[in-house]
Amino acid sequence: MTTQPARTRIAPSPTGHMHLGTARVALYDYLLAKKTGGQFILRIEDTDLKRTVPGAEQEIMDGLRWLGLQYDEGPDVGGPYGPYRQTERREIYQHYAKVLVEKGQAYPCFCTPERLDQVRQEQMKRKENPHYDGTCRILAPDEAARRIANGEPYTIRFKMPQEGVTVAHDHLRGDITTENKQLNDQVILKTDGLPTYHLAAIVDDHEMKITHVLRGSEWLGTFPLHVNIVRAFGWDEPAWIHLSVFLKPSGKGKMSKRETAQAMKDGYSIFIKDMQELGFTPEGVLNWGALMGWGVPEGDVMTVPQMIERFTIDSLTPSPAAINFQKLDHFNATHIRLFSTGDLAARLKPYFTREGLNVREDVLLKMIPLIRERLTTLDDCIDFGAFFFKDEVTPNTEDLIAKGLDAKQLAEIAKRAYEILSSLPQIDHVTAEPPMRAYVQSSGFSANQVFGILRVAVTGQKVSPPLFESMEIIGRDVCLKRIARAVEMLEQG
RNA sequence: GCCCCCAUCGUCUAGUGGACUAGGACGCGGCCCUUUCAAGGCCACGACCGGGGUUCGAAUCCCCGUGGGGGCACCA
């Protein structure tokens, strides 16, 4: 286990919404950095101009902040190894590409995309592996120089060894051995002068003194390439950790558009921004994500500080994990129950406000203990507690009708309840419950029937927080007014 | 097609040759509590992919299958 301060980075490309996968890698990066007293860095990998989408970078930064994974260095906070946006580091990559060419480890390539495509087609037709055919690898240097001077567009390709094997070491998976003949001369600098991921990431990780590279296992295929590039420069390698990928809930394959849409329909999402809006908490999301790919023996409900305490790279798991949204619900609800009343009040208030409700601070603080353990997501507070902030509630007549009772009986119950409660100087669970229970006893009706009618009358809904505690918060006058109205409704209907 | 990775309850996982009658969590089922809905408590169901080795002994090490995943771009 590392005791030296680790410098870790999350290096997303701003090509779409920030998703769960990015959040999880960022979490592990963050945990490792904090645990070792190191730094966590955000680097934006925006070298693919065609795929860059406006606003995506901001969404990543917002997402990380919402999650509480504040980076020590990044595009908007700066740092000693900036800039932290790859399009602003163009010259650095060009310099290093040139270094590689001079060392004989890379070469200019003038093949056009059209020719490359044609070569690939032919190779596939012959059932060969698609690979670069090496046309420009054997070009004489002066010939290449002449064509460059001529203004011919060119890329730089990395010259992979063609014999022997490459052994790359991954901390979770051990040595990964690849025959070099399987490898192929990849483009590291594009015609537009920007690097591909292969060059950019390696150069930046070195320049930014990254000690641990955590990334998805989709990078395993290019892993040998990357270590070859590092070695060509003669640099020390970071520790490589290839995390498992997330599978769709069925466990068959990665999340596709289809599953993503289905999740949204069910009230879930793999996008951080959506999760926030759906009422999930950073604590819940992080705890959930952390455990997909990290095993703890027991006590799996953890806050970030507790995760920092317990985190080790060695306890990460290499196998793919199916997304399980029910588990997200569980962790979210569990963390909501752990929040203090004041904390939860601050988190809930926006949801009430969003509904156009006028939130009285004192009422908010009083109702939270009543609804806290009933919430799965924060927005559930509307279902359970909106009535606390409404001037009037409008019960459905049919909700008012308790099973097995006729209209006369219903009206009688409501009326009697009104009489009992209106005789009290104040209504709370201490004063109101005993006489109401006594009435249930003497009336022959069930508690379920009597309290059911009262619940609907007072809260306007069949499911609510505890009745008498709720009435206490609503207040005597309002309660009586609402019960009176119910009596009216029942007598009419 | 080729290459690489992975493999314990339905799902996430613990397990690093004997403490395994394989532990925990989610979900599911039941019971208790209960004015609704939750929460909480208790109980149950439920897995080492298959076959060969190695070893006194294998979930754990090796090999071969099988299954699953990922990759084979001037995308990351």
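Here is how names work: the chains are called A, B, and so on, in the same order as the sequence lines, proteins then strands, and each is numbered from 1. Given the structure is predicted, the values throughout are model-derived calculations rather than measurements. The basis for the numbers below is simple: all heavy atoms, side chains too, and nothing from hydrogens, waters or symmetry mates.
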Strand partner of rA47(B), provided both Watson-Crick or wobble distances fall under 3.5 Å: none
Pairing of Glu469(A) and Lys366(A) as salt bridge, 4.0 angstrom limit: no
Base-contact (B) and sugar-phosphate-only (S) positions in nucleotides 39-50 of chain B, heavy-atom cut-off under 4.0 Å, - elsewhere: SS----------
Side-chain donor-acceptor pair present, Tyr268(A), Asp329(A), cut-off under 3.5 Å: yes
Complement of rU16(B), any strand, by Watson-Crick or G-U distances under 3.5 angstrom: none
Sugar-phosphate only, base, or nothing, as touched by Leu291(A) at under 4.0 Å among non-hydrogen atoms: sugar-phosphate
Residues that Phe223(A) engages under ring-ring contact (aromatic ring centres under 6.0 Å, His included), provided they are two or more places apart: Trp240(A), His242(A)
Pairs flagged by ring-ring contact (aromatic ring centres under 6.0 Å, His included) wherever residues 170-191 of chain A is involved - sequence neighbours left out: His169(A)-His171(A)
Polar side chain donor-acceptor pair, Asp46(A) to Thr87(A), under 3.5 angstrom: yes
Letter per nucleotide, 5' to 3', of nucleotides 67-76 of chain B [B base touched, S only sugar-phosphate touched, - untouched; heavy atoms, 4.0 Å]: --SSSSSBBB
Sugar-phosphate only, base, or nothing, as touched by Ser446(A) at under 4.0 Å among non-hydrogen atoms: nothing
Touch class at under 4.0 angstrom, heavy-atom based, for Gly216(A) against every strand present: nothing
rG1(B): pairing nucleotide in any strand, Watson-Crick or G-U under 3.5 angstrom: rC72(B)
Could you list, one pair per line, each protein nitrogen or oxygen that sits under 3.5 Å from a nitrogen or oxygen of nucleotides 25-30 of chain B, together with the distance?
| residue | atom | partner | partner atom | Å |
| --- | --- | --- | --- | --- |
| rA25(B) | O4' | Asp300(A) | OD2 | 3.4 |
| rA25(B) | O2' | Asp300(A) | OD2 | 3.1 |
| rA25(B) | N3 | Lys327(A) | NZ | 2.9 |
| rC26(B) | OP1 | His330(A) | NE2 | 3.4 |

Using nucleotides 32-34 of chain B, report all nitrogen or oxygen pairs with the protein that are shorter than 3.5 Å.
none

Proximity of Trp219(A) and Tyr197(A) rings by center, below 6.0 Å: yes
Sugar-phosphate, base or nothing in reach of Pro249(A), heavy atoms under 4.0 Å: nothing
Residue closer to the 5' end of RNA chain B, Leu467(A) versus Leu316(A) (nearest nucleotide): Leu316(A)
